Amino acid sequence: MNFRPLQDRVVVKRTEEESRTAGGIIIPDTAKEKPQEGEVVAVGPGARDDKGELIAPDVKAGDHILFGKWSGTEITLEGQDLLIMKESDILGVLN
């Protein structure tokens, strides 16, 4: 990817949501909600504290994360739909 996020920004690719329910009912695209989980694609170097020291991010590329419903800014980069968000918008890492 030809994009490097700055400071504590994180680039995330949303995971694909199932198009069927557990009972086998097909959910149309217009009724689907955007998933609130994804995979970290790129991470910035981190934020700076009051003393100017770099605080390393807790996530790394490849981590599977959960984030808030209204988190991030949607962008299209190299044909992929991605989100750019601050690390503080991430709720947790899935194992």
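Model, not experiment: these values are computed from the prediction. The basis for the numbers below is simple: all heavy atoms, side chains too, and nothing from hydrogens, waters or symmetry mates.
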Just do the side chain to side chain contact (heavy atoms under 4.5 Å, CB included) check on I75 and L83 with the steps written out, would you?
-> CA-CA 6 Å; I75 63 165; L83 285 169; over 6 Å; no
Spacing of CD1 belonging to I90 relative to CD1 belonging to I65, to within rounding of 0.5 Å =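 Spacing of CD1 (I90) from CD1 (I65) equals 4.0 Å.
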If you measure from CG on D89 to CG on D8, what distance do you get to the nearest 0.5 Å?
->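 Nearest 0.5 Å value for the CG-CG distance: 9.0 Å.
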Nearest heavy atoms of [X] and [Y], plus distance in Å:
{"X": "S71", "Y": "M85", "value": "CB-CE, 4.2 Å"}
{"X": "P45", "Y": "P57", "value": "O-CD, 3.4 Å"}
{"X": "F3", "Y": "V11", "value": "CE2-CG2, 3.6 Å"}
{"X": "D58", "Y": "D63", "value": "O-OD2, 4.4 Å"}

Do E87 side-chain atoms and V43 backbone N/O form a donor-acceptor pair below 3.5 Å?
->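 Absent.
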State, with a plain yes or no, whether a side-chain heavy atom of [X] is found less than 4.5 Å away from one of [Y].
{"X": "L66", "Y": "L94", "answer": "yes"}
{"X": "R9", "Y": "K86", "answer": "yes"}
{"X": "K13", "Y": "Q80", "answer": "yes"}

Group every Ile, Leu, Val, Met, Phe, Trp and Tyr by side-chain heavy-atom contacts under 4.5 Å, then state whether L82 and V10 land in the same group.
-> no
Is there a chain of hydrophobic side chains (I, L, V, M, F, W, Y, each step under 4.5 Å between heavy atoms) that links V41 to V59?
->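 No, it is not one cluster - the side chains of V41 and V59 are not joined through contacts under 4.5 Å.
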Apply salt bridge (Lys or Arg N to Asp or Glu O under 4.0 Å) to E74 and R14, showing your working.
-> CA-CA 10 Å; E74 294 181 353; R14 287 186 196 262; 3.4 Å; yes
